[in-house]
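The figures that follow rest on heavy atoms only: side chains count, while hydrogens, waters and symmetry mates do not.
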Amino acid sequence: MHDEKINRKKLKFIGYISFLLGFSQAVLAYIISSYINKATGSENVGLFYFISYILVLIVLFEFHKIIKIFGKSNTFFASLGIQTLSLIFLSAMAPGNLTLIFLVLYIFFGSLALVCLDIILESFSTDHKSGRIRGLHLMILDTGFILGPFLSTQLLEKYDFQAAFFVALLLNLIVLIIALSKLRGVNHEFKGSLNVDDIFKKIIRRKNVLRIYYISFVLEFFYAIMIIYSPIYLKSLGISWEQIGLIFTVMLIPFIIL
């Protein structure tokens, strides 16, 4: 539940944050699997992602309770802050078993930060314009995603993983500074009383909504497979990081156009 009132100034700043956060996430999104491969010496990296996102899923089921206690902006600041802290260690340490712990923290709190930003966005929009507002938000986020793979692969070609983590760290710090200056006090609480069982029952009764969830799951599964294994596969073919970055950048352009 939220007040039906658009705050265009806040939406503008959320747009800046979305772009930079998308850029920061994309700098690492397509190279994390290769980093895990280097840290563990194994190409079986799927289990690492499975564990990380299972933890995210468990917390999301109870995420409304966290926001009720701390508020939306405070939850966003905390998630982004811990993610930024994990990047400090990742940018300073060579790949190894210990850095995988910080990588789990990065993925976990990065996912929570994106969800929380989406919730904050909803607080400043109205239902009859939410589609246009959220569509613009996703376009801005994906614009940031286009730049990330190209930059990170250039860094890997010339330096190493720590350089990519350091750039992501700088971007996260900028996002955190903007968010702290412009989104403080956005501590609306969820006023609904639905629990997880009630939500599932409502979804099951509405067949079209249920079908949307089916389609979303299949799409996200496809994206996960491609993001995790495409870089590893292309590197095994002898393709350079510079070429891989160009491939991914061109691949992501339709997300903005469509």
Angle between ring planes, Y16 versus F13, binned at 30° and 60°: parallel, tilted or perpendicular? perpendicular
Determine yes or no for a side-chain-to-main-chain donor-acceptor pair under 3.5 angstrom, with [X] supplying the side chain and [Y] the backbone.
X    : Y    : value
Y49  : S33  : yes
S52  : F48  : yes
T143 : M139 : yes
S230 : I227 : no

Is the number of heavy atoms from other residues, nucleotides or ligands within 6.0 Å of CZ (F166) greater than 12? no
For Y213, does the OH atom have more than 12 heavy-atom neighbours from other residues, nucleotides or ligands under 6.0 Å away? no
For the pair V45 and I228, evaluate side-chain contact (heavy atoms from CB on, under 4.5 Å) and give the outcome as yes or no after the intermediate values. CA-CA 8 Å; V45 299; I228 294 170; 3.5 Å; yes
Sorted by chain and number, sequence neighbours left out, ring-ring contact (aromatic ring centres under 6.0 Å, His included) with F102 holds for F89
For Y106, give me all partners under ring-ring contact (aromatic ring centres under 6.0 Å, His included), at least two apart in sequence or on another chain. none
In Å, rounded to the nearest 0.5 Å, how long is the span from [atom1] of [X] to [atom2] of [Y]?
X    : Y    : atom1 : atom2 : result
E242 : L155 : CD    : CG    : 11.5 Å
L55  : F50  : CG    : CZ    : 10.0 Å
E220 : Y53  : CD    : OH    : 9.5 Å
L176 : L20  : CG    : CG    : 12.0 Å
T40  : L47  : OG1   : CG    : 10.5 Å
L87  : L103 : CG    : CG    : 9.0 Å

Side-chain touch [X]/[Y], heavy atoms, less than 4.5 angstrom:
X    : Y    : answer
L117 : S18  : yes
D118 : L121 : yes
I119 : T75  : no
Y30  : L252 : yes
W241 : I31  : yes
F23  : L151 : yes
L246 : Q243 : no
I66  : V59  : yes

At their closest point, which heavy atom of [X] faces which heavy atom of [Y], and how far apart are they?
X    : Y    : result
I232 : S34  : CG1-OG, 4.1 Å
I140 : G15  : CG2-O, 3.2 Å
F145 : A29  : CE2-CB, 4.3 Å
S111 : V56  : CB-CG1, 3.9 Å
S86  : L105 : CB-CB, 4.1 Å
F248 : P149 : CB-CB, 3.9 Å

K38 and D160: CA distance, side-chain angles, deciding distance, side-chain contact (heavy atoms from CB on, under 4.5 Å) verdict: CA-CA 11 Å; K38 183 175 181 178; D160 207 339; 3.2 Å; yes
Taking side chain to side chain contact (heavy atoms under 4.5 Å, CB included) as the criterion, tell me which of [options] meets it with [X].
X    : options               : value
F19  : L147, L141, L171, I14 : L147
C116 : F109, F77, F63        : F63
K235 : L156, N37, I244       : I244

I'd like to know if [Y] and [X] are part of one continuous hydrophobic network [Ile/Leu/Val/Met/Phe/Trp/Tyr, side-chain heavy atoms within less than 4.5 Å].
X    : Y    : answer
I69  : L112 : yes
Y233 : F222 : yes
V250 : L234 : no
I257 : Y223 : yes
Y159 : F165 : yes

